[in-house]
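Okay, structure first, notes after.
Order of the sequence lines sets the chain letters (A, B, ...), proteins ahead of strands, with each chain counted from 1.
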Amino acid sequence: MSYLLIKSEPDTFGIDDLRKKKVELWDGVRNFQARNYMLASKVGDLAFFYHSNAKPPGIAGLCKIVEVGVVDPTQFDKKSHYYDPTSPKDNPRWLTIKVEFVEKFENYLSLDDLRKTFSPDDLIILRRGSRLSVTPVDNKVAKRLLTLARKAA
DNA sequence: GCCAACGTTGGC
DNA sequence: GCCAACGTTGGC
């Protein structure tokens with residue numbers, strides 16, 4: 001069992017949207033490193049759902065990876081913002097995951113909170129200039145995050 | 001294979 | 001809306 005952290009803008013798709021839809025194809029990731037982290041995950045792994053460009057930004061909940069290596073259909077959709085004309089149809093470049101809602105955290109873990117508790121070594125998103133939309137989270141760090149998120153306020 | 005220009009991300 | 005940081009592109 002391992003953990004990821006995936007970012008999304010709540011204005012576009014937030015934890016409440018995921019709760020409503022239950023399962024979502026994580027499309028639109030157009031960064032090789034982020035893609036590789038997704039492909040390295042396994043069905044049953046968990047992912048922290050991070051709200052970027054939010055007020056304040058932070059971790060809002062948890063979801064579970066229910067499928068790995070799904071072809072992202074938006075790469076072939078000319079009308080999509082994520083259309084990639086250079087991706088070969090017979091060997092799609094952008095493979096992604098499907099995630100399922102698990103929980104919305106009792107305590108929203110704001111970026112400020114995260115900085116107080118964790119170091120940039122613990123969490124990639126705390127590193128200077130880090131923009132990766134999918135990052136791995138160390139198991140021990142993940143456990144601490146879950147404790148913080150579920151502890152009564 | 002270098003690197004300048006450009007586009008994007010995302011916190012503030 | 002600004003801008004630092006970073007990835008990608010394309011000329012050479």
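- Judged by distance alone, with hydrogens and angles left aside, the side-chain atoms of A/Ser8 form a donor-acceptor pair with the main-chain N or O of A/Phe13 at under 3.5 Å.
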For nucleotides 8-12 of chain C, list the nitrogen or oxygen atoms of the protein found under 3.5 Å from its nitrogen or oxygen atoms, one pair per line.
none

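- Every residue was checked against the side-chain hydrogen bond (donor to acceptor under 3.5 Å, both in side chains) condition with A/Lys7, not counting sequence neighbours, and none meets it.
- Looking at which nucleotide of DNA chain B each of A/Asp112 and A/Tyr82 is closest to, the 5′-most match is held by A/Tyr82.
- Nucleotides of DNA chain C nearest to A/Gly129 and A/Asn53 differ in position, and the one nearer the 5' end is that of A/Asn53.
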Indicate every side-chain donor-acceptor pair of residues 137-146 of chain A with a distance under 3.5 Å to a residue at least two apart or in another chain.
residue  : atom : partner  : partner atom : Å
A/Asp138 : OD2  : A/Lys140 : N            : 2.9
A/Asp138 : OD2  : A/Val141 : N            : 3.4
A/Asn139 : ND2  : A/Met1   : O            : 3.2
A/Arg144 : NH2  : A/Thr117 : O            : 3.2

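- With sequence neighbours excluded, the residues forming a side chain to side chain contact (heavy atoms under 4.5 Å, CB included) with A/Thr86 are A/Asp84, A/Arg93, listed by chain and number.
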In a table with atom names and distances, give each donor-acceptor pair under 3.5 Å that connects a side chain of residues 53-74 of chain A to protein atoms at least two apart or in another chain.
residue : atom : partner : partner atom : Å
A/Asn53 : ND2  : A/Glu9  : OE2          : 2.9
A/Glu67 : OE1  : A/Lys98 : NZ           : 3.4
A/Asp72 : OD1  : A/Thr74 : N            : 2.9
A/Asp72 : OD1  : A/Thr74 : OG1          : 2.6
A/Asp72 : OD2  : A/Gly28 : N            : 2.8
A/Asp72 : OD2  : A/Arg30 : NH1          : 3.1
A/Asp72 : OD2  : A/Thr74 : OG1          : 3.4
A/Thr74 : OG1  : A/Arg30 : NH2          : 3.0

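- With A/Arg127 contributing its side chain and A/Pro120 its backbone, the two residues share a donor-acceptor pair below 3.5 Å.
- The aromatic rings of A/Phe105 and A/Phe48 are tilted relative to each other, their planes meeting at an angle between 30° and 60°.
- In terms of modelled atom types and a separation under 3.5 Å, the side chain of A/Asp45 and the main chain of A/Ser41 share no donor-acceptor contact.
- Rounded to 10 degrees, the angle separating the terminal helix axes of the helix from B/dG1-C/dC12 to B/dC12-C/dG1, each built from five base pairs, is 10°.
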